[in-house]
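Below: the structure, in structure tokens.
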Number of protein chains: 2
Amino acid sequence: MAETENSIEIPQDFDSLKATILERKAQLPKRLRQVAAYALDHPDEIAFGTAASIATAADVQPSTLVRFAQHFGFEGFSSLQLIFRARLRERTPGYDERLRALSGNDHSKLESGSIFNGFVAAAHRSLDNIASSVEPEAFERAVNILAGAETIYLVAKRRSYPISGYMAYAFGKLKVRYQMVGTAAGIDDDILVMAGPKDAAFAVSFSPYASESVDQAKLLASRKVPVVSLTDSAFSPLVESSKVWFELVEADHAGFRSLSASMAFAMALTVAVAEKRRRNAPGV
Amino acid sequence: MAETENSIEIPQDFDSLKATILERKAQLPKRLRQVAAYALDHPDEIAFGTAASIATAADVQPSTLVRFAQHFGFEGFSSLQLIFRARLRERTPGYDERLRALSGNDHSKLESGSIFNGFVAAAHRSLDNIASSVEPEAFERAVNILAGAETIYLVAKRRSYPISGYMAYAFGKLKVRYQMVGTAAGIDDDILVMAGPKDAAFAVSFSPYASESVDQAKLLASRKVPVVSLTDSAFSPLVESSKVWFELVEADHAGFRSLSASMAFAMALTVAVAEKRRRNAPGV
DNA sequence: TAGAGAATAGAATATTTATTCCGTTCCGTC
DNA sequence: GACGGAACGGAATAAATATTCTATTCTCTA
């Protein structure tokens with residue numbers, strides 16, 4: 001029997017597939033071993049290539065790839081390929097390590113525990129995401145804009161409000177002048193007409209974008225107030241009003257998003273701005 | 001002419017493609033803009049998906065994807081897809097690696113960058129910390145207490161305020177009755193005298209503990225309102241008033257703490273409570 | 001070294017997937 | 001409000017890609 005291995009379980013992720021291949025490579029026939037070697041040496045090619053292109057590269061026939069996949073219990077080459085693709089999607093260093101750490105704790109046993117673990121994992125992912133998507137140069141520009149401002153206007157509504165709330169708290173402690181732009185539209189407009197080019201604004205808004213925030217950012221931009229913004233898409237309506245903007249997508253768990261990464265970003269920005277001010281005006 | 005743009009050069013890598021899309025997004029027709037937004041928000045899906053699956057996800061026709069690709073000078077969707085795949089092959093460097101790659105003479109850029117790095121790292125540590133320190137049984141008890149309450153009172157001041165603010169937002173969306181206990185002392189007391197044993201409270205306070213929060217937790221406890229609390233020490237004054245309490249120490253960077261882990265915790269608790277309610281009262 | 005079973009190559013076929021085409025709708029302009 | 005051009009939706013078609021099938025080769029054993 002050299003066909004599907006129905007007795008043994010089929011690997012569901014790259015790591016266990018890799019282990020299985022290594023374990024069995026000794027008793028693999030010539031061409032299948034050739035495929036095994038190529039697959040482990042060039043996993044990206046397997047992920048993106050076609051059966052024909054991979055076969056050429058590995059110097060075998062396309063049908064050999066199918067037999068290889070079936071030898072390890074897969075239905076065909078395509079289902080094997082999915083494993084290699086999933087690997088690229090989850091490619092964050094430390095990803096599976098953290099996943100293992102989480103599944104090791106006792107939360108998984110209880111009903112609410114999986115929710116807890118889910119949000120912790122989502123927060124980790126969000127943090128990995130900002131770490132790779134925020135450009136140091138953009139961050140520096142944002143810091144410079146805000147550090148040079150007389151007053152920093154904080155624009156945020158609804159879901160984003162806690163972020164500006166925390167920044168306000170921190171700016172207060174750090175003796176940085178700020179002004180929150182709240183909800184009451186009448187008052188807000190009175191506040192905003194006092195803003196000018198010497199000030200700056202930090203706006204936060206996530207989909208679905210609160211129209212007040214978008215309007216206020218536009219108003220500020222039209223008054224030549226430089227706007228730095230934090231949002232979740234390059235197509236966010238905040239972008240057009242912004243001198244510098246950051247795209248930050250919070251990972252979700254079961255459709256709900258926390259603000260973990262946003263909070264880390266907000267705090268970093270806040271402290272960096274305060275630090276820059278301290279340096280530029282040490283005598284004050 | 002709405003076909004291939006032979007006059008302008010065709011983007012050869014993801015960054016320039018992204019730049020081109022952003023540059024032209026304003027004058028893109030409806031469906032093409034829809035595709036543009038989806039593509040930049042979900043680049044991985046474009047890389048791995050088929051024209052049909054992507055079209056469904058972006059809520060357009062497959063032919064629209066082809067037109068989109070051709071609009072930007074590509075021969076068809078497939079050649080556009082190659083750009084998205086190439087992006088995944090060259091692994092995205094993390095923030096710290098890019099920071100290190102910067103020219104070493106720019107001190108300020110390095111400084112702001114390391115602040116950013118520091119807060120992201122601190123957030124990761126905080127998350128690891130709560131994952132191991134929060135007891136599943138305690139979490140379950142907290143969920144039960146809050147899920148059984150008629151009204152959930154949210155007690156938090158100053159630094160903790162954003163946490164209860166976000167929970168309030170989420171409870172509102174989830175149709176869970178809550179009452180924030182704000183700052184104005186006079187009003188708060190009026191609110192609190194309405195609380196009784198059928199309600200419950202969630203209090204958050206970190207060192208130095210705001211005396212109002214501590215007093216209000218005490219008051220609630222004396223009125224037989226079960227209190228769940230989140231704080232940063234077993235010796236916190238909140239502990240004596242609490243039925244269930246959690247110790248959560250946010251890791252700090254340069255003496256400043258963000259709220260990343262607290263946010264993840266708060267969101268997990270909020271969703272778990274709403275989920276439990278939904279199960280217990282499916283008919284409502 | 002003959003024979004049996006496994007493995008392989010390559011072409012034939014089936015399937016999936018991208019692209020084209022055309023009737024209809026939308027939108028701006030006169 | 002009518003016209004013309006651009007954009008769109010959806011089905012038809014073309015292209016690509018994976019899988020199967022069979023004749024042939026290899027390899028081990030008696």
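Note that the structure is a prediction, hence the values are computed from the model and not measured.
Not a single donor-acceptor pair under 3.5 Å links the side chain of R87(A) to the backbone N or O of F14(A).
Comparing dT19(D), dC8(D), dT8(C) by their nearest atom to the side chain of L32(B) picks out dC8(D). The side chain of F77(B) approaches dA18(C) more closely than any other nucleotide in the set dA18(D), dT8(C), dA18(C).
Between Q61(A) and dT8(C) there is no side-chain N or O to OP1 or OP2 distance below 4.0 Å. The phosphate of dT20(C) (OP1 or OP2) has a side-chain N or O of Q70(B) nearer than 4.0 angstrom. A close approach under 4.0 Å does occur between a side-chain nitrogen or oxygen of R67(A) and OP1 or OP2 of dT8(C). For S78(A) and dT19(D), the shortest distance from a side-chain N or O to OP1 or OP2 is below 4.0 Å.
A side-chain N or O of D13(B) and one of S16(B) form a donor-acceptor pair less than 3.5 Å apart. Under 3.5 Å, the side chains of S260(B) and S260(A) contain no donor-acceptor pair of N or O atoms.
Residue-to-nucleotide contacts include no donor-acceptor pair under 3.5 Å from the side chain of T64(B) to the base of dG9(D).
What separates CD of Q34(B) from P of dC8(D) is a distance of 9 Å, to the nearest Å. Between the C1' atom of dT17(D) and the CZ atom of F48(A) lies a distance of 17 Å, rounded to the nearest Å. A straight line from CD of E75(B) to P of dA14(D) spans 17 Å, rounded to a whole angstrom. For the pair L82(B) CG and dT17(C) P, the interatomic distance rounds to 16 Å; values are reported in whole Å. Put simply, CZ on R33(B) is 15 Å from C1' on dA6(D), counting in whole angstrom units. Whole-Å rounding puts the Q27(A) CD to dA6(C) P distance at 16 Å. Here the P atom of nucleotide dT17(C) and the CD atom of Q81(B) are 11 Å apart, to the nearest Å. Atoms CZ (F68(A)) and P (dT19(D)) sit 14 Å apart, rounded to a whole Å.
Between V60(A) and K30(B), the residue whose closest nucleotide on DNA chain C is further toward the 5' end is V60(A).
When each of S213(A), S207(A), S236(A) is paired with T231(A), the side chain to side chain donor-acceptor pair (under 3.5 Å) condition holds for S236(A) and for no other.
At a threshold of 4.0 angstrom between heavy atoms, the contacts of P29(B) are confined to the sugar-phosphate backbone, with no base atom among them. At the heavy-atom level, L65(B) lies nowhere under 4.0 Å from the strands shown.
The six-membered or imidazole ring of Y169(B) lies away from that of Y161(A), with a centre-to-centre distance of 6.0 Å or more.
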